[in-house]
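Right, one structure below, let's go through it.
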Number of protein chains: 2
Amino acid sequence: MAKGRPKRADTTSATRNRILSAAAQILSAKGYSETRLSDIADSAQVRAPAVYYYFASREELIAEVMAVGQRRLREHVESALAALPASTAPMDCISTAVQAHLQVELQLSEFATAVTRNLGQLPDDIRARLRDEGAEYIRLWRGLLEAALHAGEMRPDLDLRAARMLVMGALNWTTEWWDPCQGSLTAVVETAQSLVRHGLGFPAAHHGATDLNMC
Amino acid sequence: MAKGRPKRADTTSATRNRILSAAAQILSAKGYSETRLSDIADSAQVRAPAVYYYFASREELIAEVMAVGQRRLREHVESALAALPASTAPMDCISTAVQAHLQVELQLSEFATAVTRNLGQLPDDIRARLRDEGAEYIRLWRGLLEAALHAGEMRPDLDLRAARMLVMGALNWTTEWWDPCQGSLTAVVETAQSLVRHGLGFPAAHHGATDLNMC
DNA sequence: GTCTATAAGTAGATAGAC
DNA sequence: GTCTATCTACTTATAGAC
């Protein structure tokens with residue numbers, strides 16, 4: 001309505017989205033420090049001052065890229081899990097989460113890539129605003145591992161937090177090395193799934209507790 | 001000898017080392033973009049211009065921190081492997097490398113941490129100079145995995161490069177989350193070793209030809 | 001060797017026209 | 001809404017004294 005400050009509303013402006021996408025692309029490729037506001041503007045086909053019509057500052061713009069990326073990552077993985085039958089074994093849920101996480105990071109969203117590659121280097125005030133959403137995603141993975149543990153699909157000697165962070169690290173680090181030109185996503189996904197399944201699970205196909213008996 | 005330019009020689013000057021260590025500490029904690037030359041100088045108890053007596057520029061200083069970190073990481077892991085009996089099984093070598101890598105990253109050297117946390121965000125010209133040393137370390141890990149494969153200790157269905165990078169990613173990402181106050185290094189090391197051993201290796205303790213049937 | 005003072009460059013941000 | 005022109009702040013880097 002009010003024309004003067006769409007700075008928060010009007011999330012559907014085409015120019016605004018172009019600026020956001022350009023920022024996500026440059027952030028994911030060059031990193032926080034090397035991402036100039038003028039580079040973003042150039043890439044979005046506007047002059048630098050136009051950015052300030054939509055965003056209060058460079059920091060605000062980058063903070064929004066991160067917020068969008070975090071949300072997309074979580075929502076994509078949640079959707080993939082929600083699409084599974086209710087009876088799906090916990091370890092199969094984990095495989096699905098591995099696939100979904102890698103797919104969104106490496107193929108679907110430069111916003112997600114931007115988060116993973118830059119979160120650790122962001123100034124404290126931006127990171128503080130992303131904390132809650134990030135904790136939500138952590139919680140999702142903690143739930144997945146706990147379910148596997150309680151179902152007797154996971155070796156109980158593992159430190160649950162360390163295992164979770166090591167797995168997420170293996171996935172997140174792909175953004176540092178994976179190159180679409182150099183290999184198929186499928187190969188990475190399958191190797192990651194195999195690594196995580198065997199890394200967390202029991203040597204054989206059987207288990208500790210009472211439930212599920214495949215043999 | 002010549003007093004005018006120790007910029008390369010005199011690697012043993014106490015002040016020079018203080019500056020280098022301060023740079024490593026700040027780089028590992030705050031990242032490349034947030035590491036100001038003046039912060040480094042303050043932390044090293046000198047004024048900013050004094051840095052230029054030892055280093056040609058901020059970039060040169062940071063590049064040297066990275067070079068030192070890369071070298072220490074590789075040398076520490078190589079030493080740990082060299083100390084093993086010649087008959088050590090390949091998978092046990094991998095466990096040793098996992099332990100050594102985590103130890104130097106998380107406990108021994110802020111130079112190593114600085115490399116891992118910043119390599120991906122460095123300007124191209126610095127990264128180019130670190131390429132050879134980095135490739136050397138990659139080669140070390142490739143050798144470890146190939147040895148395990150040839151010894152029949154590793155599942156042959158895994159994509160070797162993907163598996164290697166996923167494992168190194170799990171290890172490297174610890175620099176993003178591990179906090180000495182929040183848990184023991186031993187727990188992380190043991191969980192990582194277990195995860196890698198089972199993640200790469202065969203379900204049971206045997207190997208090779210016709211596959212296992214537990215049922 | 002290290003300092004004070006300052007130059008030079010760069011990037012973020014604003015003013016005001018259109 | 002987007003522009004040109006400009007301001008301001010910050011950071012690296014140098015000059016030259018001690």
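Convention: sequence-line order gives letters A, B, ...; per-chain numbering from 1. Hydrogens, waters and symmetry mates play no part in the numbers below; they use all other heavy atoms, side chains included.
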Would one find a side-chain N or O of A/Tyr52 under 4.0 angstrom from OP1 or OP2 of D/dT2? no
Keeping to residues at least two apart or across chains, list the ring pair (Phe, Tyr, Trp, His ring centres under 6.0 Å) pairs with something in residues 82-114 of chain A. A/His101-A/Tyr137
Residues forming a salt bridge (charged side-chain N to carboxylate O under 4.0 Å, His left out) with A/Glu190, sequence neighbours excluded: none
Pairs flagged by side-chain hydrogen bond (donor to acceptor under 3.5 Å, both in side chains) wherever residues 65-77 of chain B is involved - sequence neighbours left out: B/Arg74-B/Glu78, B/Arg74-B/Glu133, B/His76-B/Gln103
Closest to the side chain of B/Pro49, out of C/dA15, D/dT12, C/dA5, is C/dA5
Any luck finding a side-chain donor-acceptor pair between A/Thr116 and A/Glu105 under 3.5 Å? yes
The side chain of A/Tyr53 is closest to which nucleotide in this list: D/dG1, C/dA13, D/dT12? D/dG1
Which atom pairs, donor and acceptor, lie under 3.5 Å between side-chain atoms of residues 158-171 of chain B and protein residues at least two apart or in another chain?
unit_1: B/Asp159; atom_1: OD1; unit_2: B/Arg161; atom_2: N; d: 3.1
unit_1: B/Asp159; atom_1: OD1; unit_2: B/Ala162; atom_2: N; d: 3.0

Does B/Ser13 make a side-chain N or O approach to OP1 or OP2 of C/dG1 shorter than 4.0 Å? no
Below 3.5 Å, can you tabulate the donor-acceptor pairs from side chains in residues 177-185 of chain A to any protein atom, sequence neighbours excluded?
unit_1: A/Trp177; atom_1: NE1; unit_2: A/Trp173; atom_2: O; d: 3.4
unit_1: A/Asp179; atom_1: OD1; unit_2: A/Cys181; atom_2: N; d: 3.0
unit_1: A/Ser184; atom_1: OG; unit_2: A/Ala187; atom_2: N; d: 3.1

Taking the minimum atom-to-atom distance to the side chain of B/Ala50, which one of D/dT4, D/dT2, C/dT2 wins? C/dT2
Heavy atom of residues 35-48 of chain A under 4.0 Å from DNA chain D: which residues? A/Val46, A/Arg47
Whole Å only: how far is the CD atom of B/Glu60 from the P atom of D/dA13? 10 Å
